[in-house]
Structures are given as structure tokens and as C-alpha cells.
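Have a look at the structure below, then the notes.
Convention: sequence-line order gives letters A, B, ...; per-chain numbering from 1.
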There are 2 protein chains.
Amino acid sequence: MTRRGETLELAVLGLLHEQPMHGYELRKQLNVVLGWGRLLSYGSLYPALKKMSRAGWITEHVAEPGTTAPVTRRQRIVYELTERGDQRFTSLMSDAGPASWEDDNFDVRFAFFGRTDRDIRLRILEGRRARLQERLSRAQQQLAASRERDTYTEELQRHGVESVEREVRWLSDLIAAERDGVRRQVTKPTETT
Amino acid sequence: MTRRGETLELAVLGLLHEQPMHGYELRKQLNVVLGWGRLLSYGSLYPALKKMSRAGWITEHVAEPGTTAPVTRRQRIVYELTERGDQRFTSLMSDAGPASWEDDNFDVRFAFFGRTDRDIRLRILEGRRARLQERLSRAQQQLAASRERDTYTEELQRHGVESVEREVRWLSDLIAAERDGVRRQVTKPTETT
DNA sequence: GTTAGCATGTAAGGAGTTACATGATTTT
DNA sequence: AAAATCATGTAACTCCTTACATGCTAAC
């Protein structure tokens, strides 16, 4: 019944869904999928992989030098998704959770949209938009209320509101595209500054 | 020589710089200053206040019902900035730290720009911009390299790049304004409340 | 021959959340 | 009389980072 911290787990399962990988490579790929500014630390990655291995979602294969890759530098451990891991992936992608959990996982889930049904995609996108809009109205009220505060605080809040508004528009475009069943191809929204 | 987690500390010191406050009120204000989506939990706030109190940066005054506010609901503990706390605030605002630390603290520092010198403000803004630009070029390379990947991953990366580009422009505007000495009306806002 | 990158791990510690515990006051 | 809000706190737990430990291979 773990509710938080499944983000890393989902990201690993999703990446191994594409192809087996060893930890070092996985870390680099995780940097793309997780929206985090920094690279995930090894102190976090390897224990997580062990845990997932024990849970039966992935398997560890020791790849000896020269057997797998053209130039293998040293012993590497290649992780591969199991069938149960695949089920776990699907469950994590489609299950609804608390708002905070869904917010934490949004980026990762989005990255794996290609392996998810359209109705699930729509639910995730609409849920995200609804939560952002809620946050937006609170922030706008706050902005209107705190006019007395100094310019910098106000500027920070104004910028925050604009960023969220921008993200809401982005989501709306994506939702519209999904509804139309149109395979979206990167239309650059007209920039208004 | 604590390097991380001074974010909360800085935010509290900055808010108490304006006026003394009790914990419950502080939490609401922190929600504005810290860029976090959720409210800070009490389980995090109160121990932090105790710690800062022991360090001598703030003092605790018990405000008995009826003595301070017009309608006091129950016993509240009002926290007030000490002189050493003020020094600590200045130090945290002006000290340069590791990149990750400066990134974590950027929002909070920006919110308190009104109580900081212009050269410090410029250093913080330019530092932030430099780090974002660095991240941007890496992300752009990644985006160009991974054209084979599916549409959603690409879309996510594209959106990420655009967001960062936008933030860089925002920072550039702010830097230009600071350089021009276009005083955004500083230091002490007109006394009200 | 030394530095940089590849590759895997452990131990200690930091900073936060959730759940629990208590109780007054205001609103419905 | 119940529910919401005000107000403060503790204990257990989670997840992550930093620092340490090891050792191979490629490039300069």
C-alpha cells in the first residue's frame, strides 16, 4: 500500500519495458524521464533496483565481459522486466491515487503515454489540469490580496501564475488532440509576451 | 556547515524579518514564499522552529489569550527574530554556495530581494541564469539526439526546454532592469497593515 | 602513468511527510 | 450537537543525498 516514492519505480519499469539495461545506463535514461534537475544518485538507484528485484518485478543477469556487447568494460548487471513487472507497470500507470501522488508522477507517466490506453491518458491529463487550475485560482487570489507586499514578492507570484497558466494551455492542447484522435505533431503555440 | 535544508530556515528568518508571527500563521506565509505546491507539514515546521530557537536566531514568546490580539483563540507561541538571526539571514542571502543549493534557494531568496543589496541580487540572478542555460544546452542536445523516441517523450522534452527558455528570458529582463537601476521601489515597502 | 569515464555498491545522515495526540473556538 | 478552523506538538517512516569503498578500461 505504498503510496509515495513509486515514481522511481515506475520510471525504471517503464524504461526496462523498452529494453533490458544495466544500472549505469539506466541512471542516464532516468535523467530524461524523471523531471529532476540533477542525476539520481547511485546510493538511491542500486538499493531501489535490489528492492524491485526482490519484489519480482525485474531480474538481474550478470553479463560477463565479451558475451553481450561488442566492447564490454567490466562485469555489468543487466536488469530485465518480468511479466509481473509488466503488470505492475500497467497498474501504476492506470491507477488513480491521491492528488499529490499524481502530481509527483505526472512527468514520468506522460513519458510512457505511448504504452497506455487513450482513456487512461485523458484521465491523467484532465486530472492534472484540474489540479493546476485549482492551484491557479488560489494563487491568483493570493496575488490580488497581497498588493501591499513588495515588488519582488509580487513579481515572483506573477511569474508563478503565468507559468501555471502556460502549463494549463499546454495540457488543454494535448487533451484536445487526444480527443480528436489526432496524432499530435508538435505545433508551436504562438508566443505572446 | 549545513549546506542543504537551509531553505526553510531562510524562509522563516525572512518572514520574521517583517514581523513576529506564530507557527500557524507562519505556515500559511511560507506557502507563498517557498515555491512548494503543498503546505509545509507541522511535523516539519515546529521542530525546525525549536531548532532555530536553540540556535539563538529566534525567540519564543508565549502570548496568553487576550493580551496581544483582539480575539486570541488559545495559547499561541509568537516567534521573533533576534539580532543574531538577522545576521544569519543576511549571511544566507549573500553567501554563495554549491549550484544545487543556490537552485533550491532561488525562489526564497528572490522573495526577499527587497532586503538585499543590488550587487547580491545581480549575482544571484546571473548565477541562476547561467545554470539554467547550461541545463538548457544539455536538454537541447538530448532532444536533438533522441528523435527516434516516441512522440510523447519528445513532447515532454520540448515542453521542458520551452519552459526553461522562458525562465531564462524572464531572468534576463530582471537583470537588465537591475542594471539600469530601474528601481523597483525597494527596501522597505510603505508601512501599512 | 595519471586522469577521466565506466560500473557497482554500502553507511550515515538530512529533510520531509503521515499519522497520531490534544484541545479550544467558531460556524453551521 | 457536529463540523470546521485554529493551534501546537511527537514518533515513525520514506526517500533521497553525500561520502566512502572498490576496481576496471580508455585516452592523454
CZ of B:R27 versus P of D:dT5: gap in Å, rounded? 12 Å
Starting from P on C:dG14, measure out to CG on B:L8 and report it in whole angstrom. 15 Å
Is the shortest side-chain heavy-atom distance between B:V12 and B:W57 below 4.5 Å? no
In whole angstroms, the gap separating P of C:dT22 from CD1 of B:I77 amounts to 18 Å
Pairing residues for B:R131 by the side chain to side chain contact (heavy atoms under 4.5 Å, CB included) criterion, not counting sequence neighbours: B:A99, B:E102, B:D103, B:R128
Nearest-angstrom distance from the residue atom CH2 of A:W101 to C1' of C:dT17: 17 Å
A:Y24 side chain: which of D:dC16, C:dT8, D:dA7 is closest? C:dT8
Euclidean distance, atom OH of residue A:Y46 to atom P of C:dT10 [Å, nearest integer]: 11 Å
Across all chains, not counting sequence neighbours, the ring pair (Phe, Tyr, Trp, His ring centres under 6.0 Å) partners of A:H17 are A:F89
5'-most by nearest nucleotide on DNA chain D - B:E60 or B:K28: B:K28
For A:H22, all residues meeting ring pair (Phe, Tyr, Trp, His ring centres under 6.0 Å), sequence neighbours excluded: none
Is any side-chain heavy atom of B:R166 less than 4.5 Å from a side-chain heavy atom of A:E162? yes
Minimum-distance nucleotide (side-chain atoms of A:K50 versus D:dT8, C:dG9, C:dC6): C:dG9
Could you work out which one of C:dT10, C:dG9, C:dG16 sits closest to the side chain of A:P47? C:dT10
Hits for side chain to side chain contact (heavy atoms under 4.5 Å, CB included) against A:S91, two or more places apart or cross-chain, chain-then-number order -> A:D95
Interatomic distance where CD belongs to A:E6 and C1' belongs to C:dT17 [whole Å]: 15 Å
Short N/O separations, protein against nucleotides 17-21 of chain D, under 3.5 angstrom:
{"from": "D:dT17", "atom 1": "OP2", "to": "A:S41", "atom 2": "N", "distance (Å)": "3.3"}
{"from": "D:dT17", "atom 1": "OP2", "to": "A:S41", "atom 2": "OG", "distance (Å)": "3.0"}

Nearest whole angstrom, please: distance from the P of C:dG9 to the CZ of A:R76. 13 Å
Given atom CD of B:Q29 and atom P of D:dA7, what is their separation to the nearest angstrom? 13 Å
Sequence neighbours left out, what passes ring pair (Phe, Tyr, Trp, His ring centres under 6.0 Å) with B:W170? Give chain and number order. A:H159, B:F110
